[in-house]
J.: 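If you scroll down you'll find the structure; I have some questions about it.
We use all heavy atoms of the structure for the numbers below, so side chains are in, but hydrogens, waters and symmetry mates are not. In what follows, chains are A, B, ... by sequence order, proteins preceding strands, each numbered from 1. Source: prediction; values computed, not measured.
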Amino acid sequence: MKEKIRSKKQKFSAKLMWKQRYLLLMSVPFVIWLIIFKYIPLWGWTMAFQDVTPKSFAQPIWEREFAGFGNFTKAFTDRLFAQTMINTIGTSILGILLGTVFAILFALMMNEIRFNRFKKVTQTVSYLPHFVSWVIIASIAKMLLNDGGAVDTFLGTQLHLMSTNSPLFWVVVCFINVWKEMGWDAIIYLSAMAGIDQGLYEAAKVDGANRFKRIWHITLPSIKPTVTVLLIMSIGSALNVGMERQMLLSNGIVQDHAMVLSWFAYIRGIGNNNYGLGTAIGVFQSIVSIALLLIANKIAGMLGESKLV
Amino acid sequence: MKKKLIALLLTATLTAGVFGGCGNSGNDSQAAGNEGGNGEGEVTELTFYNADATEDSWADPVALALTEATGVKLKTDYPVSSTDQKVALMIAEQNYPDMIYAKGDAGSLIEAGALIDLTDLIEQYGPNIKKMYGEELDKLKYSKEDPSIYQLSSYAMGGTNYKNSGTAQMQWAVLKENDYKIPNTTDEYEQMIRSYLEAHPKTEDGLDMIGLTLSASDWHWMITLGNPAGYIAEGAPDNGQWLVDENYNAIYKFRSEKVRAYFKWLNKLYNDGILDHEFATQTHEDYIAKIASGRVLSLFDTDWDYADGEKILIADGKLELTYAGLPLTMDADTKAPSLMYQGLTTGQGVGITTACKDPVAAIKFMDYICSDEGQVLVNWGIKDVNYFMDEEGHRYRTEEEIAEADSNKDYAKNTGVGFHAYPFPTYGNGVLDPTGSTYTPQSKETVVASYNEEQKAACEKWGVELLVDIFPQADEFEVPKYSAIWAYTKPVEFDEIGNQLDEIAWSDLISCVIGSEADFDAGYDAMISDLEKAKMGTAEEMLTEIIKERVSLVE
């Protein structure tokens, strides 16, 4: 039976297409949608190879001046570019690590709670910040962390959390992000944990495994595929560090370590009215993201985990 | 019981809603009546983007009078925040309003070909505009290659400075303790604050006194950290981030040795605990809140920027904690440039876009505002309501009106007085119209009359009539042949470098100030070399050329 299915899958023929005509027909609208909204706009990428300033913006694409890879060279030689790449990658790797670890830890703790009402209340409270806008989160965070803010006052020292121009700012941002997103991210791990066969725990209990051993040997291995899939997905979007978060939390001093690729594209592209340059940065970001996604997927495959694509 | 209460509440809300609705519709029909009353056919509604506006429903009496006189009604749009790049998005979408006041973004609009040349329109329909600008009309021209007038100026034409917050501000309390001494040098200034701090380390509420604070977490850094550096160290007028010498050579301000010495002084103040340790990260709201608490002894700011904090002090009756504007400079030889007239500020003003439905109506509208009648309407309001005429035929405002204007923050919005003046062209304070009254309500007499006890006491002590009399007067300075550089529309290539220079200077200057005194020189040198790498030299050359071109336009 299994053999049969596999051989069927391999053979791509008109006969097969005819057989699945209704399925194919049903997918047509979505393919068209995809082409119109996701592929045709890619035509705009031509702007990355042109000089597009307010002067030439109104002209049709074929009348604009082509700049070859000029915009890319300009972006890569910008004094902020190297630092921006380091910031983007630093912030996102740190963010992914901290985010995953804290979300899993939190999910484990929630999973171990037996008092149901408390569990529900805690869970609801924990994911509420996810729905609060960054504007509000940022002002709360600034009140706590600024020089002379609540944390400084409480500890009676000057920590300079928001006024040290160093990667310390990444850590600060990532922890604020953890605080905002931990509860929300934990939901998916919790649901993965809910799907684990209770019989395994029963058997482990009989064998004399304590709680920590059960967590280590049953819960964690069981959610491993979920963790892998989520990690692959997050690596694919590693360069898409949200701009508003960085803008809202930064100030004059930490600006150098707050700049990320999307913000860089915005200030150099829209801010300086150099749309070609902005598009070039965007194109670069997309290409690197695709490469990262493929690499992460490959590594996951080599490690014997389920591949995403 | 509970149910009854809820029912009652519901009824109350509903009734309120119904009445509210009635009230509104009543207003609408009244407005419609007024519009219909002008009898000259349709009212043209023009969309207007105003980079400095707040909500404007065009329903106040002055707005309605403007519509009656010109047949034009403005629908105003405004930015949500100072960094939302709305004009850049308009260009990207090719979607323009009829009229636009883009402020600093005008250059890109002109480059995008979005503004129309007003020269012919002014010639044909703008006699009052020509009359107002007189010889300075030429300054509005864009460049030598393109002598079009794309926008009028949003800044005052001529006039005298009756009020000025100077280069530095100090609480009256501190001045009093120092027997109203006017500090001649930064050392004297520092000493005054120091001795006051020693005598009064804490406020009555037990909070620590702050010697000096700045607002530097967003664009305000240019106002409180950047601008004062030029005034105090160089005695240079406001040319944005640039210093211009007598041969029209421009240099980036923070490259000057004197400015460097100024920042070194700030660094010392920071390490001595006189400059607020929180200044680097505090938001502008924190800054205003500190001023409002009366803890801040001195500022390096400009009145419009700290006014919100001072208003609260005045409302609380803590007059001696409000600020005196001082002509502070680094040494006794430098002259504080606060009163200098830099000529008409050009480069920022209202323009008409290519998308405009009716450019003639738009220019006629602006021409009316420039007329004597229009100027009086936008600056003084409605006759016999907002102002009255005395026996000699001079305009005056009642004391209640003045008090209302000073204390009610919604005064301008509700009455429309002064609400529709800026960013349209306007005469400066003290300029007289043909009847001998000033175009704006502010005159020497009204300024003197508006002084509070602290200010009166200071005038007496200093033996002057106006507080600004302690400043070097406007006639001691030559009016430069180029208008203020900060308002220029500069080419995109220049802005690209300029923005980067500002990015570097912003973070590095703050880091230098909050670093240890031993690190200052190394930090400042590093900043200068970064600035050079970011093509500071190229930008300076470009600007020098632009200034020389502007000078040749006038000559």
Side-chain angles (χ1 to χ4, degrees), chain A residues 44 47 51-59 74 77-80 83 135 138-139 141-143 145-149 152-153 158-166 169 243-244 247-259 263-264 266-275 277-279, chain B residues 81 83-94 105 107-114 208 215-221 225 276-283 285-286 290 354 491-493 495-500 502-511 513-515 530-531 533-535:
Chain A
M47 274 168 68
D51 256 340
V52 193
T53 52
K55 207 186 297 182
S56 54
F57 188 81
Q59 294 169 349
K74 201 167 178 186
T77 51
D78 193 288
R79 85 180 167 90
L80 279 179
Q83 186 62 45
V135 180
S139 48
K142 278 184 162 178
M143 267 199 271
L145 303 175
N146 267 354
D147 289 359
D152 276 6
T153 316
Q158 291 270 342
L159 292 175
H160 287 295
L161 286 171
M162 302 287 261
S163 61
T164 316
N165 196 2
S166 75
F169 184 71
M243 172 170 88
E244 74 268 54
M247 276 171 88
L248 289 166
L249 285 170
S250 79
N251 55 46
I253 306 174
V254 296
Q255 210 199 9
D256 283 352
H257 285 89
M259 185 62 66
W263 189 8
F264 180 65
Y266 188 65
I267 63 164
R268 289 287 186 263
I270 302 279
N272 280 350
N273 292 301
N274 194 338
Y275 311 117
L277 182 61
T279 316
Chain B
S81 83
T83 49
D84 68 353
Q85 321 274 21
K86 204 150 182 166
V87 173
L89 288 174
M90 277 178 205
I91 297 169
E93 290 168 0
Q94 297 281 299
D105 293 318
S108 46
L109 276 177
I110 292 169
E111 234 178 84
D208 284 333
S215 170
S217 65
D218 51 26
W219 61 268
H220 287 96
W221 80 270
L225 194 67
D276 185 5
H277 272 248
E278 295 165 10
F279 93 88
T281 53
Q282 69 186 352
T283 60
E285 286 72 32
D286 298 338
K290 270 184 195 164
T354 47
V492 174
E493 298 81 39
D495 280 341
E496 241 167 54
I497 305 177
N499 288 346
Q500 292 204 31
D502 291 349
E503 277 164 19
I504 298 172
W506 180 23
S507 67
D508 285 9
L509 284 174
I510 299 175
S511 303
V513 171
I514 66 169
D530 277 351
L531 289 172
K533 268 184 236 154
K535 297 188 194 151

J.: If the condition is salt bridge (charged side-chain N to carboxylate O under 4.0 Å, His left out), which residues does B/Asp208 pass it with, not counting sequence neighbours?
T.: B/Lys202
J.: Any idea which heavy atoms bring A/Gln255 and B/Ser507 closest together, and the distance?
T.: OE1-CB, 4.3 Å
J.: Measure distances from B/Asn499 to the heavy atoms of chain A and classify the residue's part below 4.5 Å as side chain, backbone, both or neither.
T.: side chain
J.: To the nearest 0.5 angstrom, please state how far the CG atom of B/Asp286 sits from the CE atom of A/Met143.
T.: 9.0 Å
J.: State, with a plain yes or no, whether a side-chain heavy atom of B/Glu503 is found less than 4.5 Å away from one of A/Met259.
T.: no
J.: Given a strict heavy-atom distance threshold of 4.5 Å, which part of A/Leu80 is in contact with chain B: side chain, backbone, both, or neither?
T.: side chain
J.: Any idea which heavy atoms bring B/Ile514 and A/Ser163 closest together, and the distance?
T.: CD1-O, 4.1 Å
J.: Does B/Glu111 have any salt bridge (charged side-chain N to carboxylate O under 4.0 Å, His left out) partners at least two apart in sequence or in another chain, and if so, which?
T.: none
J.: Check A/Asp78 against B/Gln500 and note the closest heavy-atom contact, atom names and distance.
T.: OD2-NE2, 3.5 Å
J.: Which pair of heavy atoms, one from A/Asn146 and one from B/Thr281, lies closest together, and at what distance?
T.: ND2-O, 3.0 Å
J.: Between A/Asp152 and chain B, which part of the residue has a heavy atom less than 4.5 Å away: side chain, backbone, both or neither?
T.: neither
J.: At a heavy-atom distance under 4.5 Å, which candidate from A/Met162, A/Gln158, A/Arg79 has the highest pair count against chain B?
T.: A/Arg79
J.: Less than 4.0 angstrom from a charged side-chain N to a carboxylate O is my criterion; do B/Glu496 and A/Lys74 meet it?
T.: yes
J.: Mind checking the CG-CG spacing from B/Asp508 to A/Asp256? Nearest 0.5 Å is all I need.
T.: 7.0 Å
J.: Using 0.5 Å steps for rounding, measure from the OG atom of B/Ser108 to the CG atom of A/Asn274.
T.: 12.0 Å
